[in-house]
Number of protein chains: 2
Amino acid sequence: MQIDTILMNNPVYDQSELYLRHISIDNVILGYHNKELKVLLQRPQGFNKWLLPGGYLKRTETLIDAAERIAKERTNLDNLFLKQFGAFGSPDRTKDSDFTPQKLSDISDIIIDDKHWMFDYFVSICFYTLTDFEKVQPNGDAYMEECVWWSVDNIPPMLYDHKDMINSALKTLRLHLYHYPIGYELLPKKFTLPEIHSLYETILNKELDIRNFGKKLIATGIIKKLDEKKKIGAHRSPYLYMFDDNQYKDALNKGIAIIL
Amino acid sequence: MQIDTILMNNPVYDQSELYLRHISIDNVILGYHNKELKVLLQRPQGFNKWLLPGGYLKRTETLIDAAERIAKERTNLDNLFLKQFGAFGSPDRTKDSDFTPQKLSDISDIIIDDKHWMFDYFVSICFYTLTDFEKVQPNGDAYMEECVWWSVDNIPPMLYDHKDMINSALKTLRLHLYHYPIGYELLPKKFTLPEIHSLYETILNKELDIRNFGKKLIATGIIKKLDEKKKIGAHRSPYLYMFDDNQYKDALNKGIAIIL
DNA sequence: AGAATAGTGTCTTTTAGACAATATAGG
DNA sequence: CCTATATTGTCTAAAAGACACTATTCT
């Protein structure tokens with residue numbers, strides 16, 4: 001069996017590198033709170049276009065490990081439930097006239113030319129997650145001038161194909177909403193029907209009759225009503241609900257149909 | 001801005017390589033014909049486990065270009081409508097006690113040790129497609145002793161995580177069946193209701209009442225009845241149907257709900 | 001009493017789902 | 001006429017969808 005027909009010149013790879021070449025991870029970290037859906041974006045020092053929080057894959061990590069590590073760097077949250085939604089790869093996806101080796105060199109203390117690995121072909125594996133943005137204090141780092149939440153209805157100019165990634169993540173989230181229980185990681189353990197109702201309305205960006213919504217969601221069995229109420233001040237106290245763990249896990253594995 | 005904190009030792013990449021390191025493409029090529037669903041698998045020379053048709057990504061290609069090229073190598077078909085369904089990556093996913101550098105060297109004319117790039121960490125981007133297996137004469141090559149169709153109900157021992165990939169592809173196909181029009185690329189331009197009905201039954205692996213099936217599928221608008229019949233021999237001639245191009249494209253973009 | 005929010009039930013329309021007899025083509 | 005296959009419609013049950021009044025809590 002001859003192997004080298006595939007034309008990689010050097011049959012021995014360099015294991016000394018910590019990260020794998022050509023592979024990046026980008027996370028669409030969606031934040032929900034109080035009927036608002038936002039996405040966490042960062043802006044590199046000296047540029048005026050934005051990026052998704054991303055990074056590279058270590059030799060010792062699985063894809064999901066890397067995505068979790070990268071998400072944690074910006075949110076400080078563990079246990080984000082990240083879901084892969086696509087890989088993006090084309091020879092020119094990391095070409096952007098607003099982010100060039102020249103410009104980077106200008107504001108950097110080292111010379112970076114277009115042979116630098118940073119400007120090589122990268123395939124990006126993308127994940128999305130949903131969290132409560134009020135619980136997150138976004139962390140930038142030395143190279144990111146800003147790291148903040150943006151409304152998904154008002155995305156700033158993005159570098160590369162990161163805008164496509166956001167759109168793709170939202171599309172996937174909306175599809176998943178109809179087939180998997182969403183909100184387990186996002187809502188408090190015990191939540192009210194109006195709370196989960198608002199969440200679904202916000203994600204789908206459309207109104208859902210709360211009476212019918214409640215009937216249908218309870219009919220799936222994934223949430224159950226408790227014998228407790230939540231105190232919310234000068235108003236009638238709403239009942240609390242929680243996810244049924246067994247039904248929830250089952251639904252995650254097998255998928256369900258939730259017609260809202 | 002300092003870049004090398006990410007610890008890739010050599011900032012300049014080697015552009016002379018035709019393929020990108022660490023990235024592979026694997027295709028789950030599903031074949032349907034006459035109520036049978038099969039998958040195209042290949043067996044490397046001298047081994048008794050099977051692989052999906054796969055390959056590497058050229059510097060000049062997009063992911064989908066590569067997937068199409070690789071699919072064509074085995075099927076000779078252009079215009080396969082390949083859909084990405086996932087990326088698989090973990091440090092040990094290409095470790096398999098039945099496919100080792102030692103065994104490969106034994107049957108090869110070159111020395112391959114575990115530092116060979118072939119045994120490095122690869123992230124595989126996976127695509128699936130659906131075609132008519134009767135139209136395909138599978139092509140092996142010098143390194144693949146066999147390349148044949150296997151029933152999806154009877155998958156032989158697979159190398160690496162390729163069995164997982166098949167399962168994941170089938171799961172995705174079944175999900176897509178409920179949200180996107182399936183069969184456009186597979187069925188002849190004009191097809192009969194019994195034909196598309198059998199296709200759906202086979203993919204979902206369950207019976208669907210043909211009367212209700214027809215009503216519902218026509219109600220979605222993606223197929224329309226023609227004023228022609230197909231001659232099928234000594235039986236009543238079935239009407240022909242075809243996809244409505246506009247509705248089809250629309251459904252592909254936006255997705256639809258097909259409750260069967 | 002008033003303001004704000006939650007909770008609940010019924011009716012109508014639509015859809016799902018079960019079900020079997022008739023029509024056609026060719027031999 | 002026989003065989004094999006295709007076509008078609010109705011009924012019932014379930015679900016979707018529209019809709020509005022009452023209940024609670026606190027000030």
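A note on names: the letters A, B, ... follow the listed sequences, proteins ahead of strands, and every chain is numbered from 1. We use all heavy atoms of the structure for the numbers below, so side chains are in, but hydrogens, waters and symmetry mates are not.
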Is it true that Phe213(A) and Tyr200(A) have ring centroids separated by less than 6.0 Å?
yes
Parallel, tilted or perpendicular: which one describes the rings of Phe243(B) and Tyr248(B), with boundaries at 30° and 60°?
perpendicular
Write down the distance between CG (Leu240(A)) and C1' (dT24(D)), rounded to a whole number of angstrom.
15 Å
For every nucleotide of nucleotides 11-16 of chain D, 5' to 3': is a protein heavy atom under 4.0 Å from its base (B), only from its sugar-phosphate (S), or from neither (-)?
-----S
So what does Lys230(B) touch, heavy atoms closer than 4.0 Å: a base, only the sugar-phosphate, or nothing?
nothing
Would you kindly give the CD1-to-P distance between Ile210(B) and dT7(D), to the nearest whole Å?
7 Å
Parallel, tilted or perpendicular, as decided by the 30° and 60° cut-offs, for the rings of Trp149(A) and Phe133(A):
tilted
Leu208(B) has an atom CG; how far is it from atom P of dG17(C), in whole Å?
10 Å
To the nearest angstrom, how far is Ile196(A) atom CD1 from dG7(C) atom P?
13 Å
Restricting both atoms to N or O, compile the protein contacts to nucleotides 1-6 of chain C shorter than 3.5 Å, with distance only.
| from | atom 1 | to | atom 2 | distance (Å) |
| --- | --- | --- | --- | --- |
| dA6(C) | N3 | Arg236(A) | NH1 | 3.1 |

Tell me whether the OP1 or OP2 atom of dT24(C) has a side-chain N or O from Lys231(B) closer than 4.0 Å.
no
Would you call His162(B) and Met165(B) a side-chain contact if the rule is heavy atoms closer than 4.5 Å?
yes
If we count only N and O atoms by modelled type, under 3.5 Å, do the side chains of Thr62(B) and Asp65(B) hold a donor and an acceptor together?
yes
Could you state the interatomic distance from CD1 (Ile203(B)) to OG (Ser198(B)), rounded to the nearest 0.5 Å?
11.0 Å
Whole angstrom value for the distance that separates P of dA16(C) from OH of Tyr178(B)
13 Å
In whole angstrom, give the distance that lies between atom CD1 of Ile218(B) and atom P of dA16(C).
14 Å
Could you label the plane-to-plane angle of the Phe85(A) and Tyr128(A) rings as parallel, tilted or perpendicular, counting under 30° as parallel and over 60° as perpendicular?
tilted
Side chains of Pro156(A) and Leu41(A) in contact at under 4.5 Å (non-hydrogen atoms):
yes
In terms of the nearest nucleotide of DNA chain C, which residue is placed more toward the 5' end: Arg211(A) or Lys229(B)?
Arg211(A)
Nearest whole angstrom, please: distance from the P of dT7(D) to the CG of Leu226(B).
12 Å
Atom pair distance, as rounded to whole Å: CG in Asn212(A) and C1' in dT10(C)
11 Å
Please examine the side chains of Val39(B) and Val28(B), heavy atoms only from C-beta on, and report whether any two atoms are closer than 4.5 Å.
yes
